[in-house]
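When reading the values below, keep in mind they use all heavy atoms of this one structure, side chains included, and skip hydrogens, waters and symmetry mates. Start at 1 and go down the list; that is how both ligands and their atoms are numbered.
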Amino acid sequence: MTQESTAPGELTTPAPHTAELAEPGAVTLVVPTFNESANIRELLHQIRESVPSRLPCEVVFVDDSTDDTPDVIRAAARDCPFPVTVLHRAEPVGGLGGAVVEGITAATSEWIVVMDGDCQHPPSLVPELVATGKRAGAGLVVASRYIAGGSRAGLAGGYRVAVSRGATWLTKSLFPRRLRGVSDPMSGFFAIRRDDITADTLKPLGYKILLELTVRTRPPHVAEVPFVFQDRFAGESKSSAREGLRFLRHLTGLRAAAPLARMIGFGLIGASGFLPNLLGLWALTRAGLHYVPAEIVANQLGVAWNFVLIEHLLFRDRREHRRFWDRAGRFTLLANADLVLRIPLIALFVHRFGMGALGATALALVTTFVLRFVGTEALVYLPRKAKKART
Ligand code: GDD
Ligand code: MN
């Protein structure tokens, strides 16, 4: 990563970290950029017009561009009466979200405002976001398109509006409690108080950094300010269908972080394993195999199906500490142990505790399910100690 910082009006390369703006109430604007050279001058102009007269500020661009955006920033910074820094990342880990976390980590002011580099987020709102946070004693202030006075005017086309609406609805239904009071969890424009967030716990994946922040760090008090999402000044949006898939993966990962939700997911995936299991049994017996070996093989199909889904949907971020075949082997052993254990367990419940066959079977199913879940957590995907934010 290269880093350059400019003192007001000149181009220098001082301190490794951004200017020491210890002034209370000062704000660092964190702006992620990916090939935005045509927007930089306009953005800095708008910031200059509306922020420094009301609030001491600095700007940190976190750049993953493949064009000349960093050079354009350095040149434009010469006309700015506040410090402007460019952190150019050689490796764009975590995409937009990763860039924002890097900017947050580098910022030193009491307040941080995250905003896009294409002028869709009006800088004139920055002082108000910070003032609202101070007034309301909030650690997070979201600029929202979905409260009175806000609008998504700049969201290009009916398709983007529908996607944005659907994503907001889905997200709010998945996290009803954590997102209470946040009408626009998809917003990329928000202010945070430095002391109230721990960037260490964040594992950003793509665009939805505000969602990541609210769900993982649970800021104690959230306020909102309406804003009108502007048209892009120049260039095109970088979001894509691939970004949409990343968002769904991000959502599942966030949801699966809660143990109860993970257990429910584990159960649902387990139940879905009946499908390949029965299909396999049907195909094998039709091919003339005796039903006992057919059962055994078909069962392994169900296990493989479960393993693939569990790896990708539930334990995506806990896979690194064991090799693939180690995890697959352990998972298979646990799944088969479950089957082997079930029969003696039923016998135990019936003979020792005098239960009926049906009740005993149900209880054995639940018992082995819980054992298998706990075993999978502990023996295959052992939760790791507090992981450092990926940089
Ligand atoms: N550093 C970095 N790395 N910046 C990126 C990357 C990346 O991989 N991808 C995009 N950016 C920057 C862009 O250069 C821009 O400054 C900002 O992130 C937003 O990207 P856009 O491509 O303009 O996104 P959008 O307008 O489609 O989406 C915006 O609005 C959405 C709400 O509808 C973003 O603010 C989203 O976060 C928001 O959900
Ligand atoms: Mn944009």
Using modelled atom types only, decide if a donor and an acceptor are shared between the side chain of [X] and the backbone of [Y] within a distance under 3.5 Å.
X: Tyr207; Y: Glu243; answer: no
X: Arg327; Y: Val380; answer: no
X: Thr69; Y: Ser65; answer: no
X: Arg178; Y: Arg218; answer: no
X: Arg232; Y: Glu236; answer: yes

Which of the numbered atoms in ligand 1 are under 4.0 angstrom from any heavy atom belonging to [X]?
X: Gly188; result: 35 (O), 37 (O)
X: His121; result: 35 (O)
X: Arg232; result: 21 (P), 22 (O), 23 (O)
X: Thr33; result: 1 (N), 2 (C), 4 (N), 14 (O)
X: Lys208; result: 38 (C), 39 (O)
X: Ser239; result: 22 (O), 27 (O)

Nearest-neighbour protein heavy atom for [atom], which is reported as residue plus atom name and distance:
atom: atom 31 (C) of ligand 1; value: Met186 O, 4.2 Å
atom: atom 5 (C) of ligand 1; value: Phe34 CB, 3.5 Å
atom: atom 2 (C) of ligand 1; value: Asp64 OD2, 3.3 Å
atom: atom 18 (O) of ligand 1; value: Leu96 CD1, 3.3 Å
atom: atom 32 (C) of ligand 1; value: Arg145 NH1, 3.1 Å
atom: atom 12 (C) of ligand 1; value: Pro32 O, 3.5 Å
atom: atom 27 (O) of ligand 1; value: Ser237 OG, 2.6 Å
atom: atom 20 (O) of ligand 1; value: Tyr207 OH, 3.5 Å

Determine, considering heavy atoms only, which of [options] sits nearest to [atom].
atom: atom 16 (O) of ligand 1; options: Ala167, Gly117, Ser240; result: Gly117
atom: atom 22 (O) of ligand 1; options: Met115, Lys238, Glu102; result: Lys238
atom: atom 34 (C) of ligand 1; options: Asn35, Asp116, Val100, Thr69; result: Asp116

Requested in this report: Report the C-alpha distance between Trp305 and Ser272 in whole Å, list the side-chain angles of each, state the deciding distance to 0.1 Å, and finish with yes or no for side-chain hydrogen bond (donor to acceptor under 3.5 Å, both in side chains).
Outcome: CA-CA 9 Å; Trp305 163 282; Ser272 76; 2.9 Å; yes
**Report entry** side-chain hydrogen bond (donor to acceptor under 3.5 Å, both in side chains) evaluation trace for Tyr381 with Glu311
**Finding:** CA-CA 9 Å; Tyr381 305 99; Glu311 282 259 299; 2.6 Å; yes
Query raised in the report: Looking at Glu377 and Arg372, does any basic side-chain N land under 4.0 Å from a carboxylate oxygen?
Result: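 A salt bridge is absent here (no side-chain N lies under 4.0 Å from a carboxylate O).
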Report task. In plain terms, say whether Arg74 and Asp71 are close enough for a salt bridge, that is, a side-chain N and a carboxylate O under 4.0 Å apart. Result ->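 Yes, Arg74 and Asp71 are salt-bridged.
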For [X], is at least one N or O under 3.5 Å away from an N or O on ligand 1?
X: Phe229; value: no
X: Arg89; value: no
X: Asp118; value: yes
X: Ala99; value: no
X: Gln120; value: yes
X: Glu236; value: no

Query raised in the report: Would Tyr146 and Ser164 count as a side-chain hydrogen bond (donor to acceptor under 3.5 Å, both in side chains) if you check the C-alpha gap in whole Å, the side-chain angles of each, and the deciding distance to 0.1 Å?
Result: CA-CA 11 Å; Tyr146 301 126; Ser164 174; 3.0 Å; yes
Query raised in the report: Of Asp64, Ile40, Val62, which is the lone residue that meets side-chain contact (heavy atoms from CB on, under 4.5 Å) with Thr33?
Result: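 One option only clears the test, and that one is Ile40.
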Query raised in the report: With under 30° as parallel and over 60° as perpendicular, where do the rings of His121 and Phe227 fit, or are they tilted in between?
Result: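 Ring orientation of His121 relative to Phe227: perpendicular.
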Query raised in the report: Between Glu224 and Ser183, is a side-chain hydrogen bond (donor to acceptor under 3.5 Å, both in side chains) present by the stated rule, with each step listed?
Result: CA-CA 8 Å; Glu224 288 196 315; Ser183 63; 2.9 Å; yes
Query raised in the report: Which heavy atom of Leu55 sits nearest a heavy atom of Pro127, and at what distance?
Result: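 Residues Leu55 and Pro127, closest heavy atoms: CD2-CA, 4.0 Å.
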Query - hydrophobic_cluster_shared for Ile269 and Leu334, side chain cutoff 4.5 Å - result: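 Result: yes, single cluster for both.
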Query - Cluster overlap Phe274 with Leu301, hydrophobic side-chain contacts below 4.5 Å - result: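 No; tracing contacts between hydrophobic side chains, which count when under 4.5 Å, never links both residues.
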Query raised in the report: Does CZ belonging to Arg316 count more than 12 external heavy atoms closer than 6.0 Å?
Result: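 Yes, the 6.0 Å shell around CZ holds more than 12 heavy atoms from other groups.
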Query raised in the report: Around atom CZ of Arg165, are there more than 12 heavy atoms of other residues, nucleotides or ligands at under 6.0 Å?
Result: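 At most 12 heavy atoms, drawn from other residues, nucleotides or ligands, come within 6.0 Å of this atom.
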Report task. Would you list the protein N, O or S atoms within less than 2.8 Å of the Mn ion (ligand 2), leaving out water? Result ->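 Listed by chain and number, the atoms are Asp118 OD2, Gln120 OE1.
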Where on [X] is there a heavy atom closer than 4.0 Å to ligand 1, on the side chain, on the backbone, on both, or on neither?
X: Val31; answer: neither
X: Glu36; answer: side chain
X: Gln230; answer: neither

Requested in this report: Determine whether any heavy atom of Arg160 lies closer than 4.0 Å to an atom of ligand 1.
Outcome: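 Judged by the 4.0 Å heavy-atom criterion, Arg160 does count as contacting ligand 1.
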Query - Value rounded to 0.5 Å, distance of CG in Asn299 from CG in Leu339 - result: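 Spacing of CG (Asn299) from CG (Leu339) equals 4.5 Å.
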